Amino acid sequence: MPTAKLIDGKAFSAKVREGVAKDVTALKTNHGITPGLAVVIVGEDPASQVYVRNKVKQTAETGMNSFHFEMPADTSEDVLLAKVNELNADPAVNGILVQLPLPKHINEAAVIDAINPEKDVDGFHVINSGLLATGGKGMVPCTPLGCLLMLQDTLGDMSGKKAIVVGRSNIVGKPMAQLLLDANCTVTIAHSRTKDLAGEVAEADIVVAAVGRAEMVKGDWIKEGATVIDVGINRIDAPERGEGKSRLVGDVEFGAAAERAGAITPVPGGVGPMTIACLLKNTVTATCRQNNIDPDTL
Ligand SMILES: Nc1nc(=O)c2c([nH]1)NC[C@@H]1CN(c3ccc(C(=O)N[C@@H](CCC(=O)O)C(=O)O)cc3)C=[N+]21
């Protein structure tokens, strides 16, 4: 019997997007500015295309301009860099997202480096990761930001709590740890070589799982009453549903974890929708900063 409160990322993300839509209206009516988000996708990865379609649709729903560029998988790095530079120079574009991963022949770091940090709504540029690490005001990566908003909504003040982030990627694990540190948590970053992962997770009041491996964090590792944020979105075979069927699971063994956790995010319907909502929020933030507008005065 699950006892954990379900953290409804889908409902929360709708609220965040409502706030974004209000800000967009204010930017239009009070400042004559329509925020613009450019999404660039290279190649044909069908899973990626689903996310991009959702992003484009939700961008339009908030009243922002959405610019969508699909480039073939054999696009050269130079051609992609030229596209990024064109978007950097375009005043109608306030935010740029280049969908990752990129095809193998393209150097991802070079592409991220080329994005104007003020338009880097993913928060992946070294300037933005550096600002996050040093307490500055940069763009914060969307997935960790979405996780933080859900944690704050669930827990309020997190001062003194023990948090563990499982995973050390530049796009989730590391920035997540920085945000938890800023929220006065005591933070452990665990990874594939962590000696006693079960023991480390068992100590944590807050668990953020971002390893990208289906149900890797076991339910019986979770401390009684802990808050669990599951970043993973893994598609696994589901033969019980019929030939060739699949389903989505997170990085946490959800059923067993929900029997011990105080609150937990589902997959789907948890972190994923919040990631997109935070992308839109970051686009408004970027638009305000580029135009010297205080977002609190909108
Ligand atoms: N530069 C860049 N920035 C990204 O933010 C980025 C990226 N590249 N590459 C791909 C990943 C993946 N990603 C997702 C966002 C939302 C959902 C999402 O909303 N998922 C829903 C539905 C899932 C489904 O049904 O397929 C859910 O979890 O409920 C999923 C995945 C952003 N990414």
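First listed ligand is number 1; within each ligand, the first listed atom is number 1. Throughout, residue positions are numbered sequentially from 1 according to the sequence presented. Because the structure is predicted, anything quoted here is derived from the model rather than measured.
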Measuring from the heavy atoms of [X], does anything fall under 4.0 Å of ligand 1?
X      : value
Asn54  : no
Cys142 : no
Val267 : no

Nearest non-hydrogen partners of [X] and [Y], listed with the distance:
X      : Y      : answer
Glu200 : Ile164 : CB-CD1, 3.6 Å
Leu131 : Gly138 : CD1-CA, 3.7 Å
Asn65  : Thr34  : ND2-CG2, 3.5 Å
Pro35  : Val24  : CD-CG1, 4.1 Å

Please list the nearest protein heavy atom to [atom] with its residue and the distance rounded to 0.1 Å.
atom                    : answer
atom 13 (N) of ligand 1 : Tyr51 CD1, 4.0 Å
atom 1 (N) of ligand 1  : Asp122 OD2, 2.6 Å
atom 21 (C) of ligand 1 : Pro273 CD, 4.2 Å

Who's closest to [atom] heavy-atom-wise, of [options]?
atom                    : options                       : result
atom 23 (C) of ligand 1 : Thr265, Leu97, Ile276, Leu248 : Leu248
atom 29 (O) of ligand 1 : Gly270, Gly272, Gly269        : Gly269
atom 32 (C) of ligand 1 : Lys55, Glu108, Gln99, Gln58   : Lys55

Ligand-residue contact atoms, ligand 1 with [X], heavy atoms, under 4.0 Å:
X      : result
Pro268 : 27 (C), 28 (O), 29 (O)
Leu100 : 1 (N), 2 (C), 7 (C), 8 (N), 9 (N), 10 (C)
Ile233 : 20 (N), 28 (O), 30 (C), 31 (C)

Does the Asp294 side chain pair with the main chain of Asp296, one donor and one acceptor, at a distance under 3.5 Å?
->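 Judged by distance alone, yes, a pair lies under 3.5 Å.
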Examine the side chains of Ser13 and Arg17 and answer whether a donor and an acceptor come within less than 3.5 Å of each other.
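Yes, a side-chain donor-acceptor pair sits under 3.5 Å.
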Between Ser76 and Asp78: side-chain donor-acceptor atoms closer than 3.5 Å
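Side-chain D/A pair, Ser76 to Asp78: absent.
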Review point. Has Lys119 got more than 12 heavy atoms of other residues, nucleotides or ligands less than 6.0 Å from its NZ?
Key: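 Yes, the 6.0 Å shell around NZ holds more than 12 heavy atoms from other groups.
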